[in-house]
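The block underneath contains the structure these notes are about, expressed in structure tokens.
Here is how names work: the chains are called A, B, and so on, in the same order as the sequence lines, proteins then strands, and each is numbered from 1.
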Amino acid sequence: MEEVNKEKTSRTEAELMSICEALIFVSDEPVPPKVLGDVLGEPKQKIEKALDDLRLSYEARDGGLRLREIGGGWQIATRTELHEEVREFLKTRPSAKLSLASLETLAVIAYRQPVTVPEILEIRGVQSASSIKTLLDKRLIVSKGRKDTVGRPMMYGTSKDFLIQFGLKDLSELPSIEDFEDLIQ
Amino acid sequence: MEEVNKEKTSRTEAELMSICEALIFVSDEPVPPKVLGDVLGEPKQKIEKALDDLRLSYEARDGGLRLREIGGGWQIATRTELHEEVREFLKTRPSAKLSLASLETLAVIAYRQPVTVPEILEIRGVQSASSIKTLLDKRLIVSKGRKDTVGRPMMYGTSKDFLIQFGLKDLSELPSIEDFEDLIQ
Amino acid sequence: MPQTVPNIFMDVDSEQLVFDFENVQPHIERESRDQIKLTLGEFAGPLDLLLYLIRQEKANIFDIPIAKITDEYLRYIRLLKSMDITLATDFLVMAATLIEIKSKMLLPRDPVFEGDEEAEDPRQELVDQLLEHEKFKRASEMLYERSTIEQATFSRGLIESDDNNLEINATVFDILKAFQQIMERRKEEIQMEIAREEMSLAEMLKNIRSRIFTSGKITLLEIFEELKTKNEFVLAFIAVLEIVRTESVRVIQEQVFGEITLTRT
């Protein structure tokens, strides 16, 4: 361990700045200097100096990002001035993404259509009201009239948008359970 | 709307570079220039120029990060030289590699897409069902509809994740399969 | 000098044995005339094995000594079988193909085609297949290298903005899988319900024992008639054996294939 540390302390300040930048970038949370020091086998002062210089270089560059100390750790974040564009961008982004609950609900509707809310509940074993709302909002499903049973519940089926989003010519192109079993064997 | 666009096109190139950097940073997948152009209401050429200059500035800075074009979009990533430290920090091992069989199947799909299971069998001379399942699970391939022949078999092609995981800008970056012919004695 | 032992590890996701084949060649050592030692034997398929054997013989791929290669191939198959390795049917199909080509080569030429210079070589189709396969093998090596390089690159960790976006990307297969998972979940639930209703061995023992001791005797048929599931049959059978073994109950069969009666003594 001693030896490894010795070997690694031959890093230049510029190298250390680069490494710290990369580690902060890949981390999910703000990175405390101590963690960096431990991983890299470098003394605390050297790490702190590198971080401070890195912060200054971010400021001098005046780009879209900044390096900041927060909650005892260091983090790369966007500059506050750009928050409008960032928010706008995140809003428009992945419109075709679905939560797992919505995906399951969509699966039941796709394979069992036309299907009512109580029937979906029975198959999934969970209430699906909010998923159904999401799917209606995203226009992936449409109502298909009411079922002639007690309470005349609404029936749902997939829409044309569903076909388009999932690249299907028609519903017959949905992979069948058998297709999948062929693969599992 | 008109007004907003007009207002926004008064951005300087430096401002545009900053905004693009921030948006690419917050996105969880590579961002196509078109998306940036649409969100910002800027012409494609201006965006592309800004991205290219941004890439150059990353290179000139020679820090821990780089900007690169991959899978049809732009992404900020760590420099490959730092992979040891990053891995140590994240305590990850290189992720499991694909089996030889899966790699071969993937190669056939990449070069012959869209391609069906029987066609893959013919080239590989071996059943590939479990490899195809692995590749689907890893999201490296996606189904591309059914082929209009007997049995309407499912066709497969590579996904965007494939491009990203193999560091390709787009499919045209794959070396031509005929190039490999010369290597055979 | 290529290394002969690859780094083998388990791919947790696919539960497949994976090996790092960089610089590694499948390797068979010939120990004596009739013995071959397999040093490393994962061939991705029969074509790989064939290519390997052709190289081993230093044969020209465009002029394969088919008799010799077929013998080698069959020998390898036998070896694998003797090691209790289950062979994919593809290997056996290839064996059949080789034998067929070999026998075609032995046949005298069809007189109708005599003089026809262009008469099809029985090996041609196989050669084409081998060449095509070889190209894709090279391509997969290229992909392997690319992914290795790519694994040295990391993208940023999750940031706050991602929390507002806990969504997953979906394809038709995700839908299918989601559906399948729901169905499996249901199957499990249904099975659990049935299991709960089913009798335990203790209950079965108690039940049969009390019937014998209250009525003095009972036929096996009477016991089995009331049972619904295979599981209950098994339990009843074990219970009867247990009762006969541990208590004063006799089993009487008056004639061959006749009724069996349990009697309290």
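Using a 4.5 Å cut-off between heavy atoms, B/Arg112 contacts chain C through its side chain alone, with no backbone atom that close. Of the two parts of B/Ile164, only the backbone, made up of N, CA, C and O, holds a non-hydrogen atom closer than 4.5 Å to a non-hydrogen atom of chain C. Contact annotation for B/Leu90: only side-chain heavy atoms (C-beta onward) come within less than 4.5 Å of a heavy atom of chain C. Neither the backbone nor the side chain of B/Glu81 comes within contact range of chain C; no heavy atom of the residue lies under 4.5 Å from a heavy atom of that chain. The contact between B/Gln75 and chain C is made entirely by side chain atoms (from C-beta outward), counting heavy-atom distances below 4.5 Å. In this structure, the portion of B/Ile76 lying under 4.5 Å from any heavy atom of chain C is its backbone and not its side chain. Only the side chain of B/Val142 has a heavy atom closer than 4.5 Å to any heavy atom of chain C.
Remark: C/Glu134 does not engage C/Lys137 in a salt bridge, criterion side-chain N to carboxylate O under 4.0 Å. Under 4.0 Å is where a charged nitrogen must lie from a carboxylate oxygen, and between B/Glu59 and B/Arg66 no such pair does. Remark: C/Arg138 does not engage B/Asp179 in a salt bridge, criterion side-chain N to carboxylate O under 4.0 Å. A salt bridge is absent between B/Lys46 and B/Glu13; no separation between the charged side-chain nitrogens and carboxylate oxygens falls under 4.0 Å.
Taking a 6.0 Å sphere around CD of C/Glu125, one finds it holds 12 or fewer heavy atoms contributed by other residues, nucleotides or ligands.
Using cut-offs of 30° and 60° on the angle between ring planes, the pair C/Phe91 and C/Tyr73 is parallel.
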